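Okay, structure first, notes after.
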Amino acid sequence: MENKKDNFSEWYNEIITLAGLSDKRYPVKGMNVWLPYGWKIMSLIDSIVRKAVDKRNFQEVNFPVLIGRSMLEVEFEHIRGFENEIYWVTKGGKENLEEELALRPTSESAMYPMFSLWVRSHADLPLKIYQIVSVYRYETKHTRSFIRIREIHFFEAHTAHATYEDAEAQMDQYKEIWREISAQLCLPYFYDQRPDWDKFPGAMYTIAFDTVLPSGRSLQIGTIHQYGTNFSKNYDIKYLKEDGTFDYAHQTTYGMSERLLAAIIGIHGDDKGLILPPDVAPIQVIIVPIPGDGVMEYARDIENTLNSINVRVKVDDRENFTPGYKFNDWEMRGVPLRIEIGEREVKNKTVTLSMRNIPGKITIDRSKLIYEIPDTLIRIREKMMDDAKRQFNEHVFKASSIEEFNRDGLITAFWCGSKECSDSIEAKTEKSALGFMVDAKETGKCVVCGKEGKLAVFSRSY
RNA sequence: GGGGCCGUGGGGUAGCUUGGUAUCCUACGGGCUUUGGGAGCCUGAGACUCCGGUUCAAAUCCGGACGGCCCCA
């Protein structure tokens, strides 16, 4: 297997193939086939996301994939941000369509004409919906599994509120949701506010959640957008206030994609393969029997016990592979915890545990399983988060001059906010401004022009 | 838009300079023996991107198409 540290890109491609996550041989460029194991992981990620938003009163919907040209081309800057990457459906059978239809690149223009019908009065607000669907973007750049593709597995939440303050409160709630999700996925991140020229087309402002992969390049894994009334004015989403006057709704969105899976692969994996956070592992505990008297019965019994406490467990009962092969195979697939059972364990009424991310093996009494296994899965998750944070911090450098930008990773530095200074940095270092760090309070002199600036983060990004 | 590199079984490759039976690893089917850290032996099936040219003969040389990758704008 490729060496992760020195050949990250090759390692990344190889592990996706070996672990059976996705098959990129599908003969349409930029469109890959989700394989069973990869799709299962993605589905578990989705269910974590669902749980986090459902409990905050979002409701799941499912909009059509096709959007009429007239809906999309409502006259304002939103469409211009996407016009070069839209797939158009122009024919039905042999006939040209009267109105061309777009495959959604994102769903504002599909949803907001409906919002306009649904939102009548203040009693209809807040409106909080989401969907998890494919979106389509004709990427011209180099495609890369789960990172840059043309059919994207996408989560998008959309809200409408009575006031700007309510919409701002929603922005804060998004951050809370993200804290919850990122803890389960063991992903460290920065919040930063995108520069105006890089915000979501049509938004007032955009805040991104950025992480960094071992290559030193940053990866945007989530964005939240404050729309204010930019969209509601164009899609005519207004409501009757208590005083009898009308006002436009204030809107926000939250977007994430299969890049979450890319981040999990890239950040946690090692030279043996994937390491999956227990919360998204299709198999949390793999039981490997070492053939012998009574071993299979004992293994099945333990499987039943773990099933009964909702641990995702499987016995590897394949007969044509040796235990050693199975150890390596499941380590490559990232299973967090392995139980080994042979005649020794049967005789002593014990099990032997091996954690994917902690060296060594331990033996415990079979009677303690129902407490020890859930605790161990939590320990594994905590260790993964600690390791990921350490790795993240090793890729963050504070720079007080442009010369210090020359390292692989995220660079934090003071910046005045001007496009000229960001362009100048990009020309010299290949790194560009991701944005101002949202929670940083410090001020200082811009590393390019010396004017008063705030703390910003720069990187070469995916 | 400009330039460069590359297309060989499912995956990874050798062979190409100097034309002649296509190599090895892995994965896959069958069989026997194995199983506490990637088992062994036997056996089977499987490939030169396409079109044209040169030649007795093309994976190899020439031209073109298609596809992939990289760099620059």
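Within every chain, numbering begins at 1; the chains are lettered A, B, ... in the order of the sequence lines, protein sequences first and strands thereafter. Values below: every heavy atom of this structure, side chains too, minus hydrogens, waters and symmetry copies. Because the structure is predicted, anything quoted here is derived from the model rather than measured.
Seen from the ring of A/Trp88, A/Arg69 counts as a face-on cation partner, given the 6.0 Å and 45° thresholds. Cation-pi check for A/Lys419 over A/Trp197 is met; the charged atom lies under 6.0 angstrom from the ring centroid and within 45 degrees of its normal.
Taking atom CZ of A/Phe321 as the reference point, atom C1' of B/G37 lies 15 Å away to the nearest angstrom. Between the P atom of B/G12 and the CD atom of A/Glu10 lies a distance of 13 Å, rounded to the nearest Å. Between the P atom of B/C70 and the CG atom of A/Asn13 lies a distance of 10 Å, rounded to the nearest Å. Regarding A/Glu319, its CD atom lies at a distance of 13 Å from the P atom of B/G31, rounded to whole Å. Rounded to whole Å, the distance from CZ on A/Arg144 to P on B/G68 is 16 Å. If you take CH2 of A/Trp330 and P of B/G37, they are 19 Å apart, rounded to a whole angstrom. Whole-Å rounding puts the A/Ile290 CD1 to B/U34 C1' distance at 15 Å. Here the C1' atom of nucleotide B/U35 and the CD atom of A/Glu343 are 12 Å apart, to the nearest Å.
Rounded to whole Å, the separation between the P atoms of B/A47 and B/G10 comes to 7 Å. With both ends at atom P, the span from B/G11 to B/G1 equals 31 Å, rounded to whole Å. When the C1' atom is compared between B/G53 and B/U60, the two are found 15 Å apart, to the nearest whole Å. Nucleotides B/C32 and B/C50 place their C1' atoms 45 Å apart, quoted to the nearest Å. Distance check on atom P: B/U21 versus B/C16 gives 13 Å, rounded to whole Å. Using atom C1' as the reference point in both B/A59 and B/C51, the two lie 16 Å apart (nearest Å). Remark: the separation of the C1' atoms in B/C42 and B/U34 is 15 Å, to the nearest Å. For the C1' atom pair drawn from B/C69 and B/C56, the interatomic distance equals 39 Å after rounding to whole Å.
Counting distance only, with no hydrogens placed and no angle test, the side-chain atoms of A/Lys361 and the base atoms of B/G37 include a donor-acceptor pair under 3.5 Å. With hydrogens and angles ignored, a donor-acceptor pair closer than 3.5 Å exists between the side chain of A/Glu331 and the base of B/G37. With hydrogens and angles ignored, no donor-acceptor pair under 3.5 angstrom links the side chain of A/Arg25 to the base of B/G11.
Taken to the nearest 0.5 Å, the CG atom of A/Leu213 stands 11.0 Å off from the CZ atom of A/Phe392.
A/Glu345 comes within 4.0 angstrom of a base, heavy atoms only.
Side chains of A/Ser9 and A/Arg144: a donor-acceptor N/O pair is present below 3.5 angstrom, by distance only.
Of the residues near RNA chain B, A/Asn328 and A/Glu430, the one whose nearest nucleotide (by heavy atom distance) lies more toward the 5' end is A/Asn328.
For A/Trp178 and A/Tyr254, the ring centers are positioned 6.0 Å apart or more. Taking the ring centroids of A/Phe200 and A/Phe82, they lie under the 6.0 Å cut-off.
Taking the side chain to side chain contact (heavy atoms under 4.5 Å, CB included) definition, one finds that A/Asn393 meets it with nothing, sequence neighbours left out.
Distances shown here put every side-chain N or O of A/Thr322 at or beyond 4.0 Å from the OP1 or OP2 atom of B/G38.
Pairs of residues two or more places apart, or lying in two chains, never qualify as side-chain hydrogen bond (donor to acceptor under 3.5 Å, both in side chains) while including a residue from residues 426-437 of chain A.
You'll find that the side chain of A/Asp329 is closest to B/G38, out of B/G38, B/U35, B/G36.
With a cut-off of 3.5 Å on both pairing distances, the Watson-Crick and G-U wobble pairs of RNA chain B assemble into stems of 3 or more at B:1-7 with B:66-72, B:10-12 with B:24-26, B:28-32 with B:40-44, B:49-53 with B:61-65.
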